[in-house]
Each structure stands twice: as C-alpha cells, then as structure tokens.
K.L.:
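If you scroll down you'll find the structure; I have some questions about it.
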Amino acid sequence: MTTLLLGPENRAAAWREVFAAENEPLITSSENVARPEEIRYLVCWKPDVSLDTFPNLEVVVSTGAGVDHLIPLPDHLRLCRTLSRDIEEKVRDWVVMACLMLCRDMPVYLDQARRGLWNTLPVPSSRDRNIGIMGMGRIGRLAAASLRELGFSVSGWSRSGTPDDGVEMYGADALPAFLEQSDVLVCLLPLTDSTHGILGQELFDQLPAGAMLVHAGRGSQLRMDDMRTALETGQISSAMIDVTDPEPLPEDHWAWTHDKVIVTPHAAASTDYRPGAEHALRVIRAHREGAASLPGEIDLSRGY
Ligand SMILES: NC(=O)C1=CN([C@@H]2O[C@H](COP(=O)(O)OP(=O)(O)OC[C@H]3O[C@@H](n4cnc5c(N)ncnc54)[C@H](O)[C@@H]3O)[C@@H](O)[C@H]2O)C=CC1
Ligand SMILES: O=C(O)C(=O)COP(=O)(O)O
C-alpha cells in the first residue's frame, strides 16, 4: 500500500517529511518503484509513466485544483483534486488584481508608460462595475467575496445557480442574461467537454460593448483568435489571461505584444507542498476507511 508522488524534487522533499511523520510509505520517483504492484495511490500533475504500470492502483490525486489533464482515466480508478486553500487564495488574489488592473485602465497606462506619456484618464468607481464570474465553485466564491468587499457588484454563473451571499446567481440555462450585465467577465470554470472553447465570438457578442475579460480557468476554454477579433471591434476593451492554448504561449504569439492584453504564464497559483501532502494523506486515510466519497473526489461523469 505505497503512494507514488511524481513531481519536482523540492516538492518531494516536503512530502517525504509529511509522510514520514505519519509513517506512511512514499516513493517520489517512478524510477524508484521496485514493485509496481505495491503502488495503490498516485499523486501527480502530469504523470511521466503509464498508469497501466501499476496493476493495483486505486486512487489518483491531482496536485492541482484542476484535473482535466488526467481525464479520461481507466474506469476502475477514482480521482481527487487537491483541496489546498493556499492555491484557492492565490488564484483569488490574481483574479482581484486582474479585475482592478483592467477596471483601472492598466493596459492603457502600461502602454503610455513605455512611451513616457503622462496622460490621466477619468478615474472610474468599482461601484459602477458589475463583475460576472463564470464558475462559482471554491475559487469563484472566494473571488466574489473579495470583489464585493471592494465595492463591485458581483454576479455568478454555475451549473446549478446555487445561491451565494450578496451575489446574483444564474444557472446553466441563464447564460445570456448573465452575460448581458457582465462589464467584466471572469472565467474560473473547470475544463470539461461543455466548457471547451466556451469563450468565443458567440459569447463575446452577448457581453455589453467594451466589456473586459479575465481568464484564469484553462487555456482551451478561450478561442484566442475570437478574442483578438473582439478586441479589434471594441466588443472587448481589454483582457488579462493567465492560461493559454498552447502553454507555454509561443514567444512570437500576437497576445504578448497586444496593447490591450496582459498575459501571465499560468502564474495565478502554484501548489503549496505541505497542504498538498496533508490533503493526500486525508484521501489515503478516507480510502482505507472505505469512505463512500473521498476528500476532493471528482465526479467523473461531470469531469470536475
Ligand atoms: N490559473 C491557475 O493557476 C489555476 C486555475 N484553476 C482553474 O480553476 C478551476 C476552478 O477551480 P475550483 O473553483 O476549485 O473548482 P470547483 O469544482 O470548486 O468549481 C467549479 C464551478 O464551475 C461550475 N461549472 C462547471 N461546469 C459548468 C458548466 N458546464 N456550466 C456552468 N457552470 C459550470 C460549477 O457549477 C462550479 O460552480 C479549476 O478547474 C482550474 O481549471 C485552478 C487553480 C489554479
Ligand atoms: O491547481 C491548478 O489547477 C493549477 O492550475 C495550478 O497548477 P500548479 O499547482 O501550478 O501545478
């Protein structure tokens, strides 16, 4: 009943400490697996080895909040995401920063600064802007709470439209009504068959003219060329994106130098090693105790 952790060596060192303190066996490289049949749990981002190598594998745990890179999985395996609060707070911070940067015209000021141009624009108030968050899960709800604190009005779109304090919620079939009042559209959706390519021209056309786009979900949810067209027509006035398709974004990609776009290299969050290890231990214990549902377990029929 051993756990195999695949990932960078600095992560492995922290994990070894946490697992050793609990006398939990851990191997931190696929090359060190002498008996593949002993591996019951695999923790990884993108595994560097075929899952078929381990005939008794039962649970795969993603070191990130997203799991799209691990799907599809063989039918007999269970899949969990990390529940590290640290990742969620970091993404929340990035989203708040991006909303403020766009609302306070930072793409324009960065462009002016490169040209040494001192030119002050009218200063807008957060109270006049409605932020629409697509994906009101663990991260979306955190972001909504902080943005409300800053005075923005916030609405949310999720599969169920489950209420959230002070946020006007829209369910899956109310997308047009949600979009038409989103001055800033934030995407925090997981990547699934139904969200792939969702940020495209048809959706952009339903936003108020001059809307802003903040994207921290997954790169292939965004049709970059449709975004470029929307920026050219003014339908979108500016965008800040942390995820792209492909990643890394090629050096000569137009988005790097577009004066209305700010790109960060999938830097909203990175996994904090200790909480990640502690979460994996909780998954392992729950599995051993025969829990019907594991911490952070993914509903494989939904894909998140
Ligand atoms: N840029 C970065 O560094 C990071 C990005 N992420 C991304 O953020 C995503 C969201 O993370 P969490 O909030 O923890 O996920 P979560 O599972 O807690 O929430 C997902 C939300 O999306 C909604 N949703 C899913 N499919 C939908 C659909 N088809 N229609 C309408 N609503 C739908 C759900 O109802 C739920 O509100 C991750 O899957 C990952 O892709 C997460 C961490 C870091
Ligand atoms: O948690 C996620 O889904 C992320 O996108 C962040 O991934 P990372 O922790 O940087 O491997």
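First listed ligand is number 1; within each ligand, the first listed atom is number 1.
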K.L.:
Examine G64 against ligand 2 and note whether any of their N/O atoms are separated by less than 3.5 Å.
P.N.:
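There is no such contact.
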K.L.:
Indicate yes or no: does an N/O atom of R159 lie under 3.5 Å from an N/O atom of ligand 1?
P.N.:
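Yes, there is a polar N/O contact under 3.5 Å.
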K.L.:
Below 4.0 Å, non-hydrogen atoms only: which portion of K90 touches ligand 1? Side chain, backbone, both or neither.
P.N.:
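It is neither; nothing of K90 touches ligand 1.
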K.L.:
Is there a side-chain contact between L57 and P36 in this structure, where contact means two heavy atoms from C-beta onward sitting under 4.5 Å apart?
P.N.:
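A side-chain contact is absent here, since even the closest heavy-atom pair is not under 4.5 Å.
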K.L.:
Does any part of the side chain of R11, heavy atoms only, come nearer than 4.5 Å to the side chain of T63, both counted from C-beta?
P.N.:
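Touching, per the 4.5 Å side-chain cut-off.
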K.L.:
Among the heavy atoms of G217, does any lie under 4.0 Å from an atom of ligand 1?
P.N.:
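Right, G217 reaches ligand 1.
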K.L.:
Judged by atom type as modelled, is there a donor-acceptor pair below 3.5 Å linking the side chain of N130 to the main-chain atoms of D183?
P.N.:
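Checking the backbone N and O of D183 against the side chain of N130, no donor-acceptor pair under 3.5 Å is found.
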K.L.:
Quick check on contacts: which atoms of ligand 1 are under 4.0 angstrom from a heavy atom of G137?
P.N.:
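The list of qualifying atoms is 13 (O), 16 (P), 18 (O), 19 (O), 21 (C), 36 (C), 37 (O).
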K.L.:
Measure the CZ-CZ distance between R92 and R141 for me, rounded to the nearest 0.5 Å.
P.N.:
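Output value for this atom pair is 15.5 Å.
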K.L.:
Which ligand 2 atoms does R218 reach within 4.0 Å, using its non-hydrogen atoms?
P.N.:
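Near R218, meaning under 4.0 Å from one of its heavy atoms, ligand 2 has 2 (C), 3 (O), 4 (C), 5 (O).
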K.L.:
Can you check whether L110 reaches I262 side chain to side chain, under 4.5 Å on heavy atoms?
P.N.:
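In short, these two side chains touch, coming nearer than 4.5 Å.
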K.L.:
Which residue owns the protein heavy atom closest to atom 8 (P) of ligand 2, what's the atom, and how far is it?
P.N.:
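For atom 8 (P) of ligand 2, the nearest protein heavy atom is T271 OG1, 3.7 Å.
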K.L.:
Taking a cutoff of less than 4.0 Å between a non-hydrogen atom of the residue and any ligand atom, is T192 in contact with ligand 1?
P.N.:
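No, T192 has no heavy atom closer than 4.0 Å to ligand 1.
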K.L.:
Near A269, which atoms of ligand 2 are under 4.0 Å from a heavy atom of that residue?
P.N.:
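Answer, ordered by atom number: 6 (C), 10 (O).
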K.L.:
Take every heavy atom of R81, measure it against each atom of ligand 2, and state whether any distance is under 4.0 Å.
P.N.:
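The answer is no: ligand 2 sits nowhere under 4.0 Å from a heavy atom of R81.
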K.L.:
So which of H215, M224, R223 actually passes side-chain contact (heavy atoms from CB on, under 4.5 Å) with L199?
P.N.:
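Going through the options one by one, the only one that passes is H215.
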K.L.:
If you compare all heavy atoms of L191 against all heavy atoms of S220, which two are closest, and at what distance to 0.1 Å?
P.N.:
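What the structure gives for the nearest pair is CD2-OG, 3.3 Å.
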K.L.:
Would a 4.5 Å heavy-atom cut-off, applied to side chains only, mark R148 and V167 as touching?
P.N.:
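Heavy-atom side-chain distance check passes, below 4.5 Å.
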K.L.:
Quick test: of every protein heavy atom, which one is nearest to atom 7 (O) of ligand 2, and how far off is it to 0.1 Å?
P.N.:
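Ranked first by proximity to atom 7 (O) of ligand 2 is W45 CH2, 3.8 Å.
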K.L.:
I want to know if ligand 2 touches R11 in the polar sense, i.e. an N/O pair below 3.5 angstrom.
P.N.:
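By distance alone, the answer is no.
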K.L.:
Other residues, nucleotides and ligands only: do more than 12 of their heavy atoms fall within 6.0 Å of CG on D299?
P.N.:
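More than 12 heavy atoms, drawn from other residues, nucleotides or ligands, come within 6.0 Å of this atom.
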K.L.:
Got an N/O contact under 3.5 Å between D242 and ligand 1?
P.N.:
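N/O-N/O distance under 3.5 Å: yes.
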K.L.:
Give yes if a backbone or side-chain nitrogen or oxygen of G66 is under 3.5 Å from a nitrogen or oxygen of ligand 2, and no if not.
P.N.:
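In this structure, G66 places an N or O atom under 3.5 Å from an N or O of ligand 2.
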K.L.:
What atoms of ligand 1 come closer than 4.0 angstrom to any heavy atom of H266?
P.N.:
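Here the atoms of ligand 1 in question are 1 (N), 2 (C), 3 (O).
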K.L.:
Starting from atom 11 (O) of ligand 1, which protein heavy atom do you reach first, and at what distance in Å?
P.N.:
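Here the nearest protein heavy atom works out to I139 CD1, 3.5 Å.
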K.L.:
Can you confirm whether W157 sits close enough to S182 that some side-chain heavy atom of one is under 4.5 Å from a side-chain heavy atom of the other?
P.N.:
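W157 does not reach S182 side chain to side chain.
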K.L.:
Using a 4.0 Å cutoff against the non-hydrogen atoms of A65, which atoms of ligand 1 qualify?
P.N.:
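Those atoms are 42 (C), 43 (C).
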K.L.:
Can an N or O of M136 be found at a distance shorter than 3.5 Å from an N or O of ligand 1?
P.N.:
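Yes, there is a polar N/O contact under 3.5 Å.
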K.L.:
Just need the protein heavy atom nearest to atom 1 (O) of ligand 2, so name the residue and atom and give the distance.
P.N.:
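Checking every protein heavy atom, the shortest distance to atom 1 (O) of ligand 2 gives A65 N, 2.6 Å.
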K.L.:
For ligand 1, does V91 get within less than 4.0 Å through its side chain, its backbone, both, or neither, judged by non-hydrogen atoms?
P.N.:
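Looking at V91 and ligand 1, just side chain atoms fall under 4.0 Å.
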K.L.:
Do any nitrogen or oxygen atoms of H266 lie less than 3.5 angstrom from nitrogen or oxygen atoms of ligand 2?
P.N.:
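For ligand 2, there is an N or O atom that lies under 3.5 Å from one belonging to H266.
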K.L.:
Could a heavy atom of A216 be found less than 4.0 Å from some atom of ligand 1?
P.N.:
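Yes.
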K.L.:
Heavy-atom distance under 4.5 Å between the side chains of R40 and V59, does that happen here?
P.N.:
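SC-SC contact between R40 and V59 ruled out.
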K.L.:
Going by the atom numbers of ligand 1, which of them fall below 4.0 Å from some non-hydrogen atom of L188?
P.N.:
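Those qualifying, in numeric order: 9 (C), 10 (C).
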K.L.:
Against heavy atoms of I87, which atoms of ligand 1 measure under 4.0 Å?
P.N.:
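Contacts of ligand 1 toward I87, numbered from 1: 43 (C).
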K.L.:
Is the count of non-hydrogen atoms from other residues, nucleotides or ligands lying under 6.0 Å from E202 atom CD greater than 12?
P.N.:
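Atom CD in E202 is not packed in, count stays at 12 or less.
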K.L.:
Which residue owns the protein heavy atom closest to atom 33 (C) of ligand 1, what's the atom, and how far is it?
P.N.:
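Sorting protein heavy atoms by distance from atom 33 (C) of ligand 1 puts L189 CD2, 3.6 Å first.
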K.L.:
Select one of side chain, backbone, both or neither to describe which atoms of S194 lie under 4.0 Å from any atom of ligand 1, heavy atoms only.
P.N.:
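It is the side chain that gets close, since no backbone atom is under 4.0 Å.
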K.L.:
If only atom types and distance count, is the side chain of E247 paired as donor or acceptor with the main-chain N or O of H266 below 3.5 Å?
P.N.:
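Not a single qualifying donor-acceptor pair exists.
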K.L.:
Say whether I298 and L51 are linked into one hydrophobic cluster, either directly or through other cluster members, by side-chain heavy-atom distances under 4.5 angstrom.
P.N.:
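In one cluster: yes.
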K.L.:
Within the structure provided, determine whether I71 and Y304 are in side-chain contact (heavy-atom separation under 4.5 Å).
P.N.:
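When only atoms from C-beta onward are counted, Y304 and I71 do not touch, as no gap falls below 4.5 Å.
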K.L.:
Under 3.5 Å, N or O to N or O, is G135 touching ligand 1 that way?
P.N.:
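For ligand 1, there is no N or O atom that lies under 3.5 Å from one belonging to G135.
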K.L.:
So, does Q206 use its side chain to make a donor-acceptor pair with the main chain of A177 at under 3.5 Å?
P.N.:
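No; zero donor-acceptor contacts below 3.5 Å.
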K.L.:
Heavy atom of R302 under 4.0 Å from ligand 1?
P.N.:
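For ligand 1, residue contact (heavy atoms, under 4.0 Å) with R302 is absent.
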K.L.:
Just need the protein heavy atom nearest to atom 12 (P) of ligand 1, so name the residue and atom and give the distance.
P.N.:
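Going by distance alone, atom 12 (P) of ligand 1 is nearest to R81 NH1, 3.6 Å.
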K.L.:
Would you check if V18 and Y273 make a side-chain contact, meaning some heavy-atom pair closer than 4.5 Å?
P.N.:
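Side chain of V18 against side chain of Y273, heavy atoms only: no contact under 4.5 Å found.
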K.L.:
How close does the nearest protein non-hydrogen atom get to atom 18 (O) of ligand 1, and which residue and atom is it?
P.N.:
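Here the nearest protein heavy atom works out to R138 N, 2.9 Å.
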